[in-house]
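Written out below as structure tokens is the structure these notes cover.
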Amino acid sequence: MNRPPHPPLPAATGTVTLVGAGPGDPELLTLKAVKAIAQADVILVDDLVNEAVLAHASPVARIVYVGKRGGCASTPQAFIEKLMVSEAQQGAQVVRLKGGDPLVFGRSGEEIEALQKAGITVQVVNGITAALGALASLNTALTHRDHAHGVLMVTGHAKPGDPGTDWRALAHTARQAKLTLVVYMGVAAAQRIQDELLHGLPADTPVAIVQHATLPSQRQALCTLDCLHQTLTEQRMASPCVLVIGDVLRGLASLGQAHELQSALG
Ligand code: SAH
């Protein structure tokens, strides 16, 4: 009896998973992230990812650092995208490991587009974004029925040529709509952000600056909006920091924690 010929074996198909490594504490990884890291053949590691999470990687996984390490310029985005595509086309399970959540200021939109264009299967595994890690460490909610009806996550760093956030408009909106603002990448532009926000928000609006949230090296300072830049300078706080701005922090002060936090700074 003539057997039908074997169908050709399917070509090995790789995939790319964009995985959130969380804000720093490796225990904040999701189970799904741990699984994806463990199954990866190639892991592309961004800046701000705690290396401790690589303990979950296979010993034979190839680890590629694509962030700004040791003062080097970061790997161009186009190169990262090409690398992910070519590895996946060769059958690799690729994990793109990003700090916090991949969907928050992580350039994942561009990467998902590039991968889909190349016909690569792409998945996203959430991580805990820096704002949430920072607020949890302060035992403070981002929303409050009395103080904040919502949250706005905004970047202080626009791409070259982009005028960036309209801070004045944002200040008016935040005040009228009772929103907490969380500024990512805001240290370098802190003075301008402060000056512009003061056009719409009161000078005594509470601000929390949280650096290295969830890591043993975490530091935080509480101040008012009119002292934001001064506090950053005096406390020598540098990136990575989130700036949390809004009345939700008033609870913190009234609980006496502000004093504790300030004295923890020494
Ligand atoms: N995808 C990331 C954000 C990447 S943009 C997330 O979801 O958290 C990089 C910025 O994130 C930093 O400049 C800083 O503003 C913030 N950030 C990341 N990790 C942080 C941390 N541990 N503590 C404070 N801010 C952090």
Side-chain angles (χ1 to χ4, degrees), residues 17-30 32-33 36 44-53 65-69 73-75 77 80 95-112 124-140 142 151-160 162 164-165 167 180-194 197 207-223 228-229 231-232 235-246 249 261 264-265:
T17 310
L18 310 180
V19 177
D25 179 349
E27 293 199 354
L28 291 175
L29 276 184
T30 65
K32 211 163 181 169
L44 275 62
V45 185
D46 246 9
D47 254 350
L48 296 181
V49 168
N50 188 340
E51 292 225 9
V53 305
Y65 292 96
V66 292
K68 308 178 195 100
R69 295 201 165 233
S74 61
T75 313
Q77 186 65 22
I80 297 172
V95 158
R96 172 88 168 98
L97 201 49
K98 292 167 180 279
D101 186 280
L103 305 181
V104 181
F105 305 126
R107 301 193 71 172
S108 291
E110 296 158 54
E111 292 180 8
I112 291 169
V124 180
V125 175
N126 291 116
I128 292 179
T129 191
L132 299 182
L135 270 286
S137 73
L138 299 180
N139 280 337
T140 301
L142 272 170
V151 183
L152 254 169
M153 293 178 190
V154 58
T155 174
H157 179 81
K159 72 177 188 186
D162 183 329
T165 307
W167 297 101
T180 305
L181 299 181
V182 186
V183 184
Y184 287 64
M185 296 171 274
V187 174
Q191 182 71 67
R192 191 169 70 81
I193 293 171
Q194 169 184 329
L197 286 180
V207 176
I209 306 163
V210 186
Q211 180 183 24
H212 290 151
T214 79
L215 286 164
S217 54
Q218 174 171 337
R219 293 174 67 221
Q220 60 275 311
L222 284 169
C223 61
L228 165 61
H229 184 256
T231 307
L232 273 167
Q235 304 295 341
R236 297 206 187 112
M237 295 177 87
S239 184
C241 282
V242 283
L243 315 175
V244 185
I245 303 164
L249 299 167
L261 292 171
L265 287 168

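Here the structure is a predicted model, which means the values were calculated and not measured. Indexing begins at 1, ligand by ligand and atom by atom, following the structure's order. Numbering of residues begins at 1 and proceeds along the displayed sequence.
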- Query: CZ of Arg219 to SG of Cys241: how many Å apart, nearest 0.5 Å?
  - Reply: 8.5 Å
Checking a contact table here: which protein heavy atom is nearest [atom], and how many Å away?
atom: atom 4 (C) of ligand 1; value: Phe105 O, 3.5 Å
atom: atom 2 (C) of ligand 1; value: Gly99 O, 3.2 Å
atom: atom 16 (C) of ligand 1; value: Tyr184 CD2, 3.7 Å
atom: atom 21 (C) of ligand 1; value: Ala213 N, 3.5 Å
atom: atom 26 (C) of ligand 1; value: Ala130 CB, 3.4 Å
atom: atom 10 (C) of ligand 1; value: Met185 CG, 3.8 Å

Which atoms of ligand 1 sit under 4.0 Å from any heavy atom of [X]?
X: Leu48; answer: 9 (C), 18 (C)
X: Val242; answer: 24 (C), 25 (N)
X: His212; answer: 22 (N), 23 (N), 24 (C)

So [Y] and [X], do their side chains get closer than 4.5 Å, heavy atoms only?
X: Thr129; Y: Phe105; value: no
X: Met237; Y: Val187; value: no
X: Arg96; Y: Asp46; value: yes
X: Val124; Y: Ile112; value: yes
X: Asp25; Y: Asn50; value: no
X: Ile209; Y: Leu232; value: yes

Counting heavy atoms only, which of [options] is nearest [atom]?
atom: atom 6 (C) of ligand 1; options: Thr155, Leu215, Val187, Thr129; value: Thr129
atom: atom 22 (N) of ligand 1; options: Pro23, Ser137, Gly22, Ala21; value: Pro23
atom: atom 3 (C) of ligand 1; options: Thr214, Val104, Val49, Leu243; value: Val104
atom: atom 25 (N) of ligand 1; options: Gly186, Cys241, Ala188, Ala131; value: Cys241

Of all the heavy atoms in [X], does at least one lie under 4.0 Å from an atom in ligand 1?
X: Val210; value: yes
X: Lys98; value: no
X: Ala134; value: no
X: Gly24; value: no

- Message: Check whether Thr140 reaches the backbone of Leu249 with its side chain - one donor and one acceptor, N or O, closer than 3.5 Å.
- Response: no
- Message: If you measure every N or O of Ile128 against every N or O of ligand 1, does any of those distances drop under 3.5 Å?
- Response: no
- Query: Can you check whether Gln211 has an N/O within less than 3.5 Å of an N/O in ligand 1?
  - Reply: no
- Just one of Leu197, Ile193, Thr165 clears the side-chain contact (heavy atoms from CB on, under 4.5 Å) bar with Leu181, so which one? Leu197
- side chain to side chain contact (heavy atoms under 4.5 Å, CB included) between Thr30 and Asn126, intermediate numbers included: CA-CA 8 Å; Thr30 65; Asn126 291 116; 5.7 Å; no
- May I ask you to check whether over 12 heavy atoms, not counting those of His157, lie within 6.0 Å of atom NE2? no
- Does a donor on one side chain sit under 3.5 Å from an acceptor on the other, for Ser137 and Gln220? no
